[in-house]
Visitor: 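Got a structure for you, questions after.
Below, read A as the first sequence line, B as the second, and so on, with proteins coming before strands; counting in each chain starts at 1.
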Amino acid sequence: MSMMESRSFLKSITRLLSNCNNMKNLKQIHSQIITSPHLSQFDKLFLISRLIFFCALSDSGSLAYASRVFQTTHNPNLPIYNAMIRAYSSNFRHKHQNPQSLILYKQMLVNNIVPDGITIPFVLKECVNRLDFVVGRSVHAHCVKFGVQDDVYVGNSVIGLYVGCGVLECARKVFDEMPERDVVSWNLIIGGCLRCGEVDVARELFVRMDERNVISWNSVIAGMVQVGRAKEAVEFFHEMVVVSEDDVVSVYPDKMTLASVVSACASLGWLKHGKWVHGYMLRNGIECDVVVKTALVDMYGKCGNVRLAERVFKDIRKKDVLAWTAMISVYALHGHGNEAFDLFDKMVACGVRPNAVTFGALLTACAHLGLVDRGRWYFNMITTSVYMIEPTVQHYACMVDILGRAGLFDEAERLITNMPMDPDVFVWGALLGACQMHGNVELGEKVAKHLIRLEPLNHAFYVALCDIQAKAGKFDDLGNTRVLMNERGIKKDTPGNSLIEVNGNFYEFSIKGSADIMMEKIKSLLNQLSKEIKVDQDTLLILKG
DNA sequence: AATATGTACG
């Protein structure tokens, strides 16, 4: 075979490989490569690297086969290592097994193969997957050693490592010292700041950016929602919409943006905004997947419109646990216990396995409706692991709430002492609330004092203690509590208030009183309602009795 | 050949 013929043979096999779309085909090509007498060792290694690349990374390939080919390859070259490391680092099935990509990386270093700017991001990805800060940091050192640290992709991956491991200072240092930054660098550091609670720093960096893409906007909007600054999230969204209407810059909101902004509207109770966002999405043909629809269900529910929530929910084709749970929660929130419980049965009948949050919603429904037996029933389903759910401390808090509201203090206390985990402030807080409700002075004082020991700066527990002591006429003790509050500088600084939106107008109610013309009307309506409620309770007693 | 973003309980 001449030199020319050998070249064209190599070319044709390369072409065959790049058009290969199944394993049978690939195995045939593999055998051709191995048995061909016309190929040099060098050319064979090149073809094997192409083969491993396809086999390890294509959807129709097979990582297991690639791995076997790799093991029989003598002196694998850099592209082969890169392909194998990449395949293992993006394969989530290997997350709980051996860190194959790190083992391969170590092996290539031992064999004196120098990693390049492509190797490093995949190795770092594996470190982030495993939250391996120690190995990650030494890979960062390798970047300097092998002279790839100025590569933007490498730098971004290093930032991603430190952000992923929660070490913001290191991430910021790398970001600040980068010779060249791109949108991804900015997005990574902004995301890192948001995750570490440095919201204002993130905000400032976002404002300083000159080239923002959808992900920049989405990160900052989602970040604002997550830290409870929903108003700012909506403001950013509106700015984004204005920018997207500008012809020069084309950043358009996508389904991720909408999922976040809808949940912002939900937490604000802004029905009108929420509806507008829903309409915007329909008008602009933005894909409305399960995630967005679930957010819409939640939003309509929290904004008080059960019927719209139902309508969106029914429109979800493939309902997942989150969608079912969102709708169950809407019913629970509105006191529609039977609908919530029926929907749970329907969900199970559809073969969707409930999770810890689903049961959290069911238990809160029971708590709000005072359904002790049903609460116990669901709680038992958790603790006897019918659905393989680990009971959480929140479930115990709910159950204590249910028992406490019913005045079953012995059972509530027994539950707390037998908990498999340490009771947190919410568990004790539920018991405290029950004590206040039922005038259980002795236990209430004990629990409040315990909570004050746990969180000495939380004014809510002092207020509860004062309330209990005042109602019990224990004015000496009340005085002591007040002294303690003064000593520690505890004030009930933020008066309780709430907000409701009707036809786009906002009405604010405060415990200090509301300067609103509607107030008199509302007060008289409330009086009338409470009379009717009393009548209802009497009727209930007659029915029961 | 590669790096970044979203939904449900309390």
Visitor: OP1 or OP2 of B:dA8 sitting under 4.0 Å from any side-chain N/O of A:K293?
Guide: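 No, because none of the side-chain N or O atoms of A:K293 sits under 4.0 Å from OP1 or OP2 of B:dA8.
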
Visitor: Touch check for A:G117, heavy atoms < 4.0 angstrom, all strands: base, sugar-phosphate only, or nothing?
Guide: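 The answer is base, as A:G117 lies within the cut-off (heavy atoms under 4.0 Å) of a base atom.
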
Visitor: Ignoring the backbone of A:S157, work out which of B:dG10, B:dG6, B:dT3 is nearest its side chain.
Guide: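 Side chain of A:S157 sits closest to B:dT3.
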
Visitor: Any base atoms under 4.0 Å from A:F122, or only sugar-phosphate, or nothing? Heavy atoms, all strands.
Guide: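 Sugar-phosphate contact only - A:F122 comes under 4.0 Å of backbone atoms but never of a base.
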
Visitor: Can you tell me which nucleotide in B:dA8, B:dA2, B:dT7 comes closest to the side chain of A:V357?
Guide: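 Of the candidates, B:dA8 comes closest.
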
Visitor: Any idea which of B:dA2, B:dA4, B:dA8 is nearest the A:Y153 side chain?
Guide: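 Closest of the options to the side chain of A:Y153: B:dA2.
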
Visitor: To the nearest angstrom, how far is A:D320 atom CG from B:dG6 atom P?
Guide: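 Computing the A:D320:CG to B:dG6:P distance gives 16 Å.
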
Visitor: Counting side-chain heavy atoms from C-beta on, which of B:dG6, B:dA8, B:dT5 comes nearest to A:A326?
Guide: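 Nearest to the side chain of A:A326 among the choices is B:dA8.
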
Visitor: One pair to check against salt bridge (charged side-chain N to carboxylate O under 4.0 Å, His left out): A:D342 and A:K346. What are the steps and the verdict?
Guide: CA-CA 6 Å; A:D342 287 348; A:K346 233 177 171 179; over 6 Å; no

Visitor: By nearest atom, which of the nucleotides B:dG10, B:dA1, B:dG6 is closest to the A:H368 side chain?
Guide: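 Between B:dG10, B:dA1, B:dG6, the one nearest the side chain of A:H368 would be B:dG10.
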
Visitor: Is the phosphate of B:dG10 approached by A:T364 (side-chain N or O, under 4.0 Å from OP1 or OP2)?
Guide: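 Indeed, a polar side-chain atom of A:T364 lies that close.
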
Visitor: Spell out yes or no: do the side chain of A:N156 and the base of B:dA2 have one donor N/O and one acceptor N/O closer than 3.5 Å?
Guide: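 Donor-acceptor pair under 3.5 Å: no.
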
Visitor: Does A:R283 make a cation-pi contact with A:W276, if we ask for NZ or CZ under 6.0 Å from the ring centre and within 45° of the axis?
Guide: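 Here A:R283 passes the 6.0 Å and 45° test against A:W276.
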
Visitor: Atom OH of A:Y300 to atom C1' of B:dA8: distance rounded to whole Å?
Guide: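 For the pair A:Y300 OH and B:dA8 C1', the rounded distance is 17 Å.
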
Visitor: Round to the nearest Å and state the distance from A:F175 atom CZ to B:dA4 atom C1'.
Guide: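 Taking CZ of A:F175 and C1' of B:dA4, I get 13 Å after rounding.
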
Visitor: By the definition side-chain hydrogen bond (donor to acceptor under 3.5 Å, both in side chains), identify the one residue from A:H278, A:R307, A:E310 that meets it with A:Y300.
Guide: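 The passing option is A:H278.
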
Visitor: What do you reckon, are the aromatic ring centroids of A:Y396 and A:F379 less than 6.0 Å apart?
Guide: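 Centroid separation for A:Y396 and A:F379: below 6.0 Å.
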
Visitor: A:V292 has a side chain; which of B:dG6, B:dG10, B:dT7 sits nearest to it?
Guide: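 Of all the options, the side chain of A:V292 is nearest to B:dG6.
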
Visitor: Can you see if the side chain of A:R86 gets near the phosphate of B:dA1 - specifically, an N or O under 4.0 Å from OP1 or OP2?
Guide: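 The answer is no; no side-chain N or O of A:R86 sits under 4.0 Å from OP1 or OP2.
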
Visitor: Base, sugar-phosphate, or nothing: which does A:F426 touch, judged by heavy atoms less than 4.0 Å apart?
Guide: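 It contacts nothing in the nucleic acid.
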
Visitor: How is A:L188 classified with respect to the nucleic acid when contacts are heavy atoms under 4.0 Å: base, sugar-phosphate, or nothing?
Guide: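 The residue A:L188 makes sugar-phosphate contact but no base contact.
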
Visitor: Give the rounded distance in Å between these two atoms: NZ of A:K255 and P of B:dT5.
Guide: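 About 15 Å, once rounded to whole Å.
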
Visitor: Give the nucleotide from the list B:dT3, B:dA2, B:dC9 with an atom nearest to the side chain of A:S329.
Guide: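 Closest of the options to the side chain of A:S329: B:dC9.
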
Visitor: In whole angstrom, give the distance that lies between atom CH2 of A:W186 and atom C1' of B:dA4.
Guide: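 So the CH2-C1' distance, A:W186 to B:dA4, works out to 15 Å.
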
Visitor: Using a 4.0 Å heavy-atom cut-off, does A:K319 contact any base of the nucleic acid, only the sugar-phosphate backbone, or nothing at all?
Guide: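 Touches nothing.
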
Visitor: Can you check the A:D289 CG to B:dT5 C1' distance for me, whole Å?
Guide: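 Computing the A:D289:CG to B:dT5:C1' distance gives 13 Å.
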
Visitor: Please pick, from B:dA1, B:dT3, B:dA8, the nucleotide with the shortest atom-to-atom distance to any side-chain atom of A:V184.
Guide: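 Nearest to the side chain of A:V184 among the choices is B:dT3.
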
Visitor: Can you confirm if the aromatic rings of A:F206 and A:W217 lie within a centre distance of less than 6.0 Å?
Guide: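 That pair passes the under 6.0 Å test.
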
Visitor: Looking only at the side chain of A:I215 (C-beta and beyond, no hydrogens), which of the listed nucleotides B:dG6, B:dT5, B:dA8 gets closest?
Guide: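 It is B:dT5.
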
Visitor: Please confirm whether the shortest side-chain N or O distance from A:Q226 to OP1 or OP2 of B:dT5 is below 4.0 Å.
Guide: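 No, A:Q226 has no side-chain N/O under 4.0 Å of OP1/OP2 on B:dT5.
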
Visitor: Taking the side chain of A:Q394 as its heavy atoms from C-beta onward, which of B:dA8, B:dT7, B:dG10 lies nearest to it?
Guide: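 Among B:dA8, B:dT7, B:dG10, the one nearest the side chain of A:Q394 is B:dG10.
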
Visitor: Nearest whole Å is fine: how far is B:dG10 C1' from A:R405 CZ?
Guide: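 My rounded result for the distance is 12 Å.
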
Visitor: Let me confirm one number: the SG-CH2 distance from A:C366 to A:W377, rounded to the nearest 0.5 Å.
Guide: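 Output value for this atom pair is 12.0 Å.
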
Visitor: Under 3.5 Å, is there an N or O donor on one side and an acceptor on the other linking the side chain of A:D254 and the base of B:dG6?
Guide: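 Result: no qualifying N/O pair found.
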
Visitor: Between P on B:dT5 and CD on A:E287, what's the gap in Å once rounded to a whole number?
Guide: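 Rounding to the nearest Å, CD of A:E287 and P of B:dT5 are 19 Å apart.
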
Visitor: In this structure, is the centre-to-centre distance between the rings of A:F175 and A:W186 below 6.0 Å?
Guide: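 Distance test on ring centres: under 6.0 Å, yes.
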
